[in-house]
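Data first, discussion second: the structure below is written as structure tokens.
These numbers come from the heavy atoms of this one structure, side chains and all, not from hydrogens, waters or symmetry mates. Indexing begins at 1, ligand by ligand and atom by atom, following the structure's order. Treat the numbers as computed from the prediction; the structure is a model and nothing was measured.
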Amino acid sequence: MTDGEGEGEGKLAFALPERPHLLVTGGAGFIGSAFVRDVLARRDGTRITVLDKLTYAGNRENLAPALADEEQGARLRFIQGDIADPDAVAPLVAEADAVLNFAAESHVDRSILDPEAFLTTGVIGVHVLLEAVRRTQSSRPIRFLQVSTDEVYGSLGQDDAAWTESSPLAPRSPYAAAKAAGDLLVRSYVVTYGVDAVITRGSNTYGPFQHPEKLIPLFLTNAIDDAPLPLYGDGMQRRDWLYVSDHAGAIEHVLRRGRGGEAYNVAGEAELPNREVVAALLERLGKPWSLVRRVEDRPGHDRRYAMDGAKIHALGWRNRVPFPEGLGRTVDWFIANREWWRAVRSGEWDVYYRRQYERRLATSTNAER
Ligand code: NAD
Ligand code: TYD
């Protein structure tokens, strides 16, 4: 499946019931909560159960807009629990029409500091979910969607062609390796047990409610406070930026229209060097480049990500939000929602920030523009 070998083994598009019940794991995180908010706001009768461990990255406040609305809140159930816990997972999968797995440890830098949780959630957790889906499918149809990432493909050189779904998996960080392992487990359950599963591989996602550990919200929130912006190495690493509502929409599209057993790239169609992203956000904020500090690079830093999105385009899906518009919306949201990010940047945050940046900032140099 992930490399096209499985063509023909999978099932066709999945017919969800008219008022489906979705199990959304990791639904209190950044992209999962956007998916939940967007689906509930459509008021089409869809019911959602969120299963989320509420790690440092999970936040019930991310679901507040849906919970504040009586009609939407009535269709949303929140359960705190771990996808690696079969007792928590089995009864919830048994009553769902589809399972969408957003749950993961999601930050590369943390995977370099402490890889273990990445494996527990990304490998054991995915396996527990797949086992529950396998048991449920013996009595009725159920689809599994694994939310994956372009990072499973590794790193591109400047002149390399963008990755297609047939590109080899060549992860380079513990985060990417755990995600690739999850993809391979999904593939094995499709081939061996006939599980109806699809995979989406999204590129770097940004937007409201993103945890401020990631590049765009970290630099935005630091810049609002006139704090230094730690740019790794030469800042010429390239990422492809995908607005969060586009990512959430693509996932729903693949859930309904994707061919069982297949993986789909979700490209942002906005490949930029980090320096340009930082310059654009400083310009939007009206803050000076002198805030940017060149710091010691991330070990094994992937140089470039770029994906070919032709396969999902052929399913009838297209990006809607160009990068300048998405960045503008994101900047406005972070300016208007300081309480949200100040609360997230407290407690555990200080310990992480010191570990990741104290020495780097102490040894930083000017980042020439
Ligand atoms: P996030 O870190 O904001 O959210 C992850 C959520 O999963 C949190 O709510 C957390 O509490 C929950 N979680 C973690 N471990 C869990 C467990 N064992 N059981 C239950 N819940 C658990 O991450 P995100 O940025 O929203 O990413 C969501 C998914 O999308 C991840 O699978 C990630 O690999 C993938 N992805 C992210 C990006 C990106 O740029 N952020 C890009 C492509 C793919
Ligand atoms: P990040 O948001 O962590 O996403 P990913 O590592 O999954 O691509 O980082 C995006 C890019 O920004 C990546 O090239 C690393 C770089 N970066 C910095 O230069 N400084 C930082 O403090 C962070 C968090 C990221």
Notebook entry, point to check: Between the side chains of Thr25 and Asn101, is a donor N or O closer than 3.5 angstrom to an acceptor N or O?
Noted result: yes

Next item on the list: Go through ligand 2 atom by atom and flag the ones less than 4.0 Å from a non-hydrogen atom of Tyr305.
Entry: 8 (O)

Next item on the list: Report yes or no: do Asp109 and Tyr232 form a side-chain donor-acceptor pair below 3.5 Å?
Entry: yes

Notebook entry, point to check: Hey, which atoms in ligand 1 end up nearer than 4.0 Å to a heavy atom of Ser203?
Noted result: 42 (C), 43 (C)

Check: Going by distance alone, is a donor N or O of one side chain under 3.5 Å from an acceptor N or O of the other, for Thr49 and Arg77?
Finding: yes

Checklist line | Closest protein heavy atom (residue, atom, distance) for atom 2 (O) of ligand 2 | finding: Leu215 N, 2.9 Å

Next item on the list: Among all protein heavy atoms, pick the one closest to atom 23 (O) of ligand 1 and tell me residue, atom and distance.
Entry: Ser106 OG, 3.2 Å

Notebook entry, point to check: In the protein, which heavy atom is nearest to atom 35 (C) of ligand 1, and how far is it?
Noted result: Val147 CG1, 3.9 Å

Check: Mind checking whether Tyr175 has an N or O less than 3.5 Å away from an N or O of ligand 1?
Finding: yes

Item checked: Distance-only donor-acceptor check, side chains Lys214 and Thr205, under 3.5 Å -> no

Checklist line | Identity and separation of the nearest protein heavy atom to atom 4 (O) of ligand 1 | finding: Gly29 CA, 3.4 Å

Margin query: Please tell me whether Glu325 and Tyr243 have a donor and an acceptor in their side chains that are separated by less than 3.5 angstrom.
Written below: no

Next item on the list: Give the minimum heavy-atom separation between Leu218 and Pro230, together with the two atoms involved.
Entry: CD2-CG, 4.3 Å

Checklist line | Nearest-contact summary for atom 15 (C) of ligand 2 - protein heavy atom, Å | finding: His301 NE2, 3.4 Å

Notebook entry, point to check: Got a donor-acceptor contact below 3.5 angstrom from the Asp69 side chain to the Gln72 backbone?
Noted result: yes

Check: In terms of side-chain heavy atoms, does Glu151 have a donor or acceptor partner in Tyr305 at a distance below 3.5 Å?
Finding: yes

Next item on the list: Would you mind running through ligand 1 and noting each atom that sits below 4.0 Å from a heavy atom of Leu54?
Entry: 11 (O)

Notebook entry, point to check: Are Tyr153 and Arg201 close enough that a side-chain donor and a side-chain acceptor fall under 3.5 Å?
Noted result: yes

Check: Which of the listed options, Thr121, Asp82, Asn62, Val50, holds the heavy atom that is closest to atom 15 (N) of ligand 1?
Finding: Thr121

Note to self: I'd like to check which ligand 2 atoms, numbered from 1 as shown, lie under 4.0 Å from a non-hydrogen atom of Leu231.
What the structure shows: 19 (O)

Checklist line | Nearest protein heavy atom with distance in Å, relative to atom 27 (O) of ligand 1 | finding: Ile31 CD1, 3.8 Å

Margin query: Side-chain heavy atoms nearer than 4.5 Å, only ILVMFWY residues, links allowed to pass through others: does that put Leu145 and Leu242 together?
Written below: yes

Next item on the list: Please state whether the rings of Tyr353 and Tyr357 are parallel, tilted or perpendicular, taking 30° and 60° as the class boundaries.
Entry: tilted

Notebook entry, point to check: What is the closest protein heavy atom to atom 20 (N) of ligand 2, and at what distance does it sit?
Noted result: Pro230 O, 2.8 Å

Next item on the list: Please state which part of His247 comes within less than 4.0 Å of ligand 1, counting heavy atoms only: side chain, backbone, both or neither.
Entry: side chain

Checklist line | 4.0 Å heavy-atom contact, Ala34 with ligand 1 | finding: no

Check: Considering only heavy atoms of Gly81, which atoms of ligand 1 have at least one such atom less than 4.0 Å away?
Finding: 19 (N), 20 (C)

Notebook entry, point to check: Which atom names give the shortest non-hydrogen contact between Pro322 and Tyr206, and what distance separates them?
Noted result: O-OH, 4.1 Å

Check: Out of Asp85, Thr205, Asn101, Val152, who gets a non-hydrogen atom closest to atom 40 (O) of ligand 1?
Finding: Thr205

Check: For atom 8 (O) of ligand 2, what is the nearest protein heavy atom, given as residue, atom name and distance?
Finding: Arg239 NE, 2.7 Å

Next item on the list: Below 4.0 angstrom from a heavy atom of Leu218, which ligand 2 atoms are there? Numbered from 1 as shown, please.
Entry: 22 (O)

Next item on the list: Classify the contact between Tyr357 and ligand 2 as side chain, backbone, both or neither, using a heavy-atom distance cut-off of under 4.0 Å.
Entry: side chain

Notebook entry, point to check: Just going by heavy-atom distances, which of Tyr353, Phe219, Tyr232 is nearest to atom 25 (C) of ligand 2?
Noted result: Tyr232

Item checked: Residue Asn204 vicinity, atoms of ligand 1 by number, heavy atom under 4.0 Å -> 40 (O)

Notebook entry, point to check: Which one holds for Tyr206 and ligand 1: side chain close, backbone close, both close, or neither close, with close meaning a heavy atom under 4.0 Å?
Noted result: neither

Margin query: Return the closest protein heavy atom for atom 21 (N) of ligand 1 as residue, atom name and distance.
Written below: Lys53 N, 3.0 Å

Next item on the list: Say whether, by atom type as modelled, one donor and one acceptor occur between the side chain of Trp289 and the main chain of Ala367 under 3.5 angstrom.
Entry: yes

Check: Closest non-hydrogen protein atom to atom 3 (O) of ligand 1, residue and atom name please, with distance?
Finding: Phe30 N, 3.0 Å

Note to self: I'd like to know whether ligand 1 has Glu151 as a neighbour, heavy-atom separation below 4.0 Å.
What the structure shows: no

Check: Can Arg320 and Ser245 be counted as having a side-chain donor-acceptor contact under 3.5 angstrom?
Finding: no

Notebook entry, point to check: Of Lys214, Glu151, His107, which has the heavy atom at the shortest distance from atom 5 (P) of ligand 2?
Noted result: Glu151

Notebook entry, point to check: Within the structure, does Ile83 bring an N/O atom to less than 3.5 angstrom of an N/O atom in ligand 1?
Noted result: yes

Check: Which of the atoms of ligand 1 are close to Lys179, meaning less than 4.0 Å from one of its heavy atoms?
Finding: 31 (C), 32 (O), 33 (C), 34 (O)

Notebook entry, point to check: For Glu61, does the CD atom have more than 12 heavy-atom neighbours from other residues, nucleotides or ligands under 6.0 Å away?
Noted result: no

Next item on the list: Give a yes-or-no answer on whether the side chains of Arg342 and Ser346 include a donor-acceptor pair shorter than 3.5 Å.
Entry: no

Next item on the list: May I ask which of Gln237, Arg298, Arg293 has a heavy atom nearer to atom 9 (O) of ligand 2 than the others do?
Entry: Arg298

Checklist line | Pair Trp317 + Tyr264: ring centers closer than 6.0 Å | finding: no

Checklist line | Atom indices of ligand 2, in the order listed, that fall short of 4.0 Å to a heavy atom of Asn274 | finding: 11 (C), 12 (O), 13 (C), 14 (O), 16 (C)

Item checked: Ring centres under 6.0 angstrom apart (His211, Tyr56) -> yes

Check: For atom 4 (O) of ligand 2, which protein heavy atom lies nearest, and how many Å away is it?
Finding: Asn204 ND2, 3.3 Å

Item checked: Nearest neighbour of atom 44 (C) of ligand 1 from the list Ala88, Ala84, Ser148, Gly122, on a heavy-atom basis -> Ser148

Note to self: Under 4.0 Å from a heavy atom of Glu213: which atoms of ligand 2 are those, numbered in the order shown and with their elements?
What the structure shows: 24 (C)

Notebook entry, point to check: Side-chain donor-acceptor pair under 3.5 Å between Ser203 and Asp150, yes or no?
Noted result: no

Notebook entry, point to check: Are a donor atom and an acceptor atom from the side chains of Arg345 and Asn222 found within less than 3.5 Å of each other?
Noted result: yes

Next item on the list: Please report which non-hydrogen protein atom sits nearest to atom 11 (O) of ligand 1, along with the residue it belongs to and the distance in Å to one decimal place.
Entry: Asp52 OD1, 2.6 Å

Notebook entry, point to check: Among protein heavy atoms, which lies nearest atom 28 (C) of ligand 1, and at what distance?
Noted result: Phe102 O, 3.3 Å

Notebook entry, point to check: Which of the listed options, Gly26, Gly32, Ala104, holds the heavy atom that is closest to atom 14 (C) of ligand 1?
Noted result: Ala104

Notebook entry, point to check: Do the ring planes of Phe35 and Phe102 sit parallel (below 30°), tilted (30 to 60°) or perpendicular (above 60°)?
Noted result: tilted

